[in-house]
Every structure is written in C-alpha cells, then in structure tokens.
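Working notes for the structure below.
Worth saying up front: this structure is predicted, and the values here are computed from it rather than measured. Letters go in sequence order (proteins before strands), and every chain restarts at 1.
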Protein chains: 2
Amino acid sequence: MSLPHALLTSLLEQPCSGMDLARRFGRSIGFFWPATHQQIYKELGKLEAAGWVRSSAEEGARGRKRCYEVLPAGEQELKRWVAETDEPPPLRDAMMVRLRAEAALGTGAGVENDLLHRLARHRTQLALYEDIEQRDFTGRELSAAEQLQYLILQSGLTTEREHIRFCEKALALMEALEPAGV
Amino acid sequence: MSLPHALLTSLLEQPCSGMDLARRFGRSIGFFWPATHQQIYKELGKLEAAGWVRSSAEEGARGRKRCYEVLPAGEQELKRWVAETDEPPPLRDAMMVRLRAEAALGTGAGVENDLLHRLARHRTQLALYEDIEQRDFTGRELSAAEQLQYLILQSGLTTEREHIRFCEKALALMEALEPAGV
DNA sequence: TGCCTTTATGCAACAAGTTGCAATTAAAGA
DNA sequence: TCTTTAATTGCAACTTGTTGCATAAAGGCA
C-alpha cells in the first residue's frame, strides 16, 4: 500500500491542502497511483497521527482548509520505504477475459465493442502524455529530478502505445476470423 | 468485476471443481485475472444461485468435491457480458511512486533495490510465457480459438519485455545520475 | 442581514480481495 | 483398525478502495 508514501512525496514537492493534493494527483502521481479525496483525507489523518506531517489552518480560505507539510520523521520514513522492494502489481484486465471468453464461445460474441472503446481511451491518454512531454520535457536541459520524472512519463507513453497496438492487432485478427457480415 | 465471467469462461472450456479451477487459474486466466480459492468458492456459490452453473457431487474423490458445469443461461450471460465495455483498469505501481520519491528526495535513496527485484521477476515471467508459446503455439496450424489465446499470450510477452526494458533504462539512468560510489 | 453558492473536509455504508484457519472426507500407512 | 496425511470446501476477520451524502466556513448578492 503506497498511498501514504505517494502523499509524502507529493507534499515534499509542494506543501498544500488535501483538496489541492487530490487535484494534483489527478494530473501527476495519480497516473500510476490513483486516489480519491476520501482516501486522501483519511490517510492525511493517519500521517499526522504518526508524526510524519503537520498541518496548520489556513486563514482567509473557504471551508476548514489546512495546509500539510512533511516533517523530518516523514522524510526519513519515505527514504526507508524507497529502499524497500515490492512484487510487481498483478494485472487485472477484463478485456483479456473477454477475448478468452470470445474464444470459448466461438466468434461473433462482440468483443470488438470493448476493443474499440479501449482504443479510443488509450489514444486520448497518449495525447495527454504527449502534451505533457511537449510542455515540460522538450527543448531544454533537464535537472536530475526532471530526468527521473521524464523517465516515468516515458513509461506511460510506451504503455499507451503498446495498448493501442494491441487493440489494433486484436481488431485485425477479429476481422480475419469473422469475414464480412458475421 | 469480471470474476464470475472469468469462471464461466473457464468452466465452458472445461467443467471441473473449485479446486481444479483455482489451479487452472494459476496458469491461464489467472495471468490477467488472479483469484484465490476463497474468492472462487464464494463466486461459484453465487453462480449456482443465479442458475448459471450447476454442480454435482463427484464420487470417489477426497473431501466434498463437486463438479461445476455451465448451464445455457450462463452461456447467455457470458455472451451478453462479452459485448459490454469497460474502462481500462487504472495503473497502480509502487515502483513508479518510488522513482518519483527518489526524484523528490534527491538521488541516493535506494530505488535500485526495487528496480533490480522487478527486473528479476519480469525475466522469470517472460521465460514462463516463452515456454508456453513454444509448447502450445509453435510449429503448427492454429484454430480460431487458439489464435485468440495466442494473441492474449503475446500481450503478456510484450508487456514483460517492456517492463524489462524500462527497468534496464531506469537503472542506467540512476547509474548516470549517481556516479560511482554514491 | 439573510440566503445561496462554492470550496473544503469528513462520515458511513458498501464492494472486492486477502489471509488465516477450521471442517469434511477419503486414501495411505502403522 | 486406528491414526495420519492430503485434498477439498468453507467461514470470518481484515484491508483497501469506492460511492453517496453530510457538514463547515467563506464569498457573492439581493
């Protein structure tokens, strides 16, 4: 479970409130560790109880806005955790189950729907990553931290391109197996 | 949630008991939809209650072994589900969080441990997939169903190779950023 | 001032999956 | 025969994450 450490990382980059974190997750760490605001608030409470972050009420803001920042103990904990290892996350992909079900049922069951839908989603996501690449990592010298961040983005780019190629290949195969009109 | 449909698919390929299903999951559908025997038993109960499968006690077997087979209503349900669409499964990868944490902490935090560990795991998994490819899909004509199954396996092969390349690239970058001895 | 909207925080119920352990039955061995 | 072992099924507690809704505080506007 990496949410606490994802939050520590994000707060280390920039102290902010829970709502700000939720928004930033949506366009950076959230690409490979999604989290809703509910999870984030709950976890921030635990981080504060553990003495890894502290929060201070923010004057002149709506609601009960609090700003969180990482304490030295939190940075220590993050360092400790970075040096650990994990098993690779298990895949769980319904589309693969569908393809196998289509094979078991005989063709014509309609897995093309999902293939086309995925294709569109992966193209959208790829375009988003390409925008980020263009905006943040192109045409200048990158610091060490930026080179690492770019590496992570490149993983996303490669993954999306692979998914697109897979969907196209699968659709071509379906076409070949079900000649016109089936 | 695709477990019920993964079970229907597997039982359609070959009726069997819960324990047999759990074993077969470990080397086929389980590659992209893992499930423990607990989940499988619970779900088989629901499938039977829904009238999608039926079970019969198996004589001359240890324990209370039951054999499950798909009913016509179950096959209908599977067909219905195959034609649906899903969102692509969200990524959740602790190693990416570690890389970003390493960037935020400054280098030397030790993400190489996880990179090397992953590299070993992905090489093992790739070797397993290559064995299956060699054994089941090489050197003969493939039926339509087998071509689909091979397509799924190829997705696994590509994914593992991409992960290996990523780990190697990341390790090379870490090396470049932390010259000898750091 | 009083009311509505916006921003921020949070509770509670639910869903899916994991882990550890218990119960049932048959085969194998002393 | 009696005990042990293996195979199979299953319960219960826990963890992680989701969804829908509730609460709190400030700003905008009649």
Side-chain angles (χ1 to χ4, degrees), chain A residues 1-7 10-11 15-26 29-50 53-68 81 86-94 97, chain B residues 1-7 10-11 15-26 29-50 53-68 81 86-94 97:
Chain A
M1 216 274 290
S2 309
L3 180 57
H5 301 96
L7 293 176
S10 200
L11 287 175
C16 66
S17 73
M19 187 55 67
D20 293 337
L21 268 179
R23 273 192 285 263
R24 282 165 49 195
F25 256 58
I29 294 195
F31 290 141
F32 42 87
W33 203 278
T36 63
H37 70 116
Q38 310 294 357
Q39 267 182 288
I40 291 174
Y41 284 126
K42 206 184 300 180
E43 202 59 46
L44 282 173
K46 291 183 193 169
L47 293 184
E48 188 156 27
V53 304
R54 73 187 171 91
S55 69
S56 47
E58 214 165 89
E59 304 298 323
R62 288 186 184 176
R64 283 168 297 186
K65 189 168 189 174
R66 309 185 63 73
C67 180
Y68 287 85
W81 175 82
D86 272 305
E87 295 313 304
L91 292 185
R92 238 192 207 104
D93 191 337
V97 179
Chain B
M1 216 274 289
S2 311
L3 180 57
H5 301 95
L7 293 176
S10 200
L11 287 175
C16 67
S17 72
M19 187 55 67
D20 293 336
L21 267 179
R23 273 192 286 263
R24 281 166 48 196
F25 256 58
I29 294 193
F31 290 141
F32 42 88
W33 202 280
T36 62
H37 70 114
Q38 309 295 358
Q39 267 181 288
I40 291 174
Y41 285 126
K42 207 184 300 181
E43 202 60 45
L44 282 173
K46 291 183 194 169
L47 293 184
E48 189 157 26
V53 304
R54 73 186 170 92
S55 67
S56 47
E58 212 166 272
E59 304 298 321
R62 288 185 184 177
R64 281 170 298 186
K65 190 166 189 174
R66 308 185 64 73
C67 180
Y68 287 84
W81 175 82
D86 272 305
E87 296 311 304
L91 291 184
R92 242 194 202 101
D93 192 338
V97 179

Any chance CZ of A/Arg24 has more than 12 other-residue heavy atoms, nucleotides or ligands included, within less than 6.0 Å?
yes
Whether over 12 other heavy atoms sit under 6.0 Å from A/Arg92 CZ:
yes
How would you label the contact of A/Met1 with the nucleic acid (heavy atoms, under 4.0 Å): base, sugar-phosphate, or nothing?
sugar-phosphate
Quick one: label B/Ala35 by what it contacts on the DNA or RNA (base, sugar-phosphate, nothing), any heavy atom closer than 4.0 Å.
nothing
Nearest whole Å is fine: how far is [N] [atom2] from [X] [atom1]?
{"X": "A/Leu7", "N": "D/dG17", "atom1": "CG", "atom2": "P", "value": "11 Å"}
{"X": "A/Lys65", "N": "C/dG10", "atom1": "NZ", "atom2": "P", "value": "14 Å"}
{"X": "A/Arg64", "N": "C/dC11", "atom1": "CZ", "atom2": "P", "value": "9 Å"}
{"X": "A/Lys42", "N": "D/dT18", "atom1": "NZ", "atom2": "C1'", "value": "9 Å"}
{"X": "B/Ile40", "N": "C/dT18", "atom1": "CD1", "atom2": "C1'", "value": "13 Å"}
{"X": "A/His37", "N": "D/dG17", "atom1": "NE2", "atom2": "P", "value": "15 Å"}
{"X": "A/Met19", "N": "C/dT7", "atom1": "CE", "atom2": "C1'", "value": "7 Å"}
{"X": "A/Arg66", "N": "C/dA8", "atom1": "CZ", "atom2": "C1'", "value": "12 Å"}

Please compare A/Gly18 and B/Ala61 by the position of their nearest nucleotide in DNA chain C and report the one closer to 5'.
A/Gly18
Counting distance alone, no hydrogens or angles: does the base of D/dG17 have a donor or acceptor under 3.5 Å from a partner atom on the side chain of A/Glu43?
no
Any N or O donor-acceptor pair linking the side chain of A/Gln38 to the base of C/dG10 at under 3.5 Å?
yes
Would you confirm whether A/Ser2, through its side chain, and A/His5, through its main-chain N or O, come within 3.5 Å as a donor-acceptor pair?
no
Taking the nucleotide of DNA chain D with the closest heavy atom to each, which residue, A/Gln39 or A/Gly63, is nearer the 5' end?
A/Gln39
Within the pair A/Tyr41 and C/dT9, is there a side-chain N or O less than 4.0 Å away from OP1 or OP2?
yes
Which nucleotide wins on minimum distance to the side chain of B/Arg62, given the candidates C/dA28, C/dA8, C/dT19?
C/dA28
Does the side chain of B/Glu48 pick up a donor-acceptor pair with the side chain of B/Ser55 at under 3.5 Å?
yes
Have A/Ser56 and A/Arg66 got a donor and an acceptor in their side chains that come within less than 3.5 Å?
no
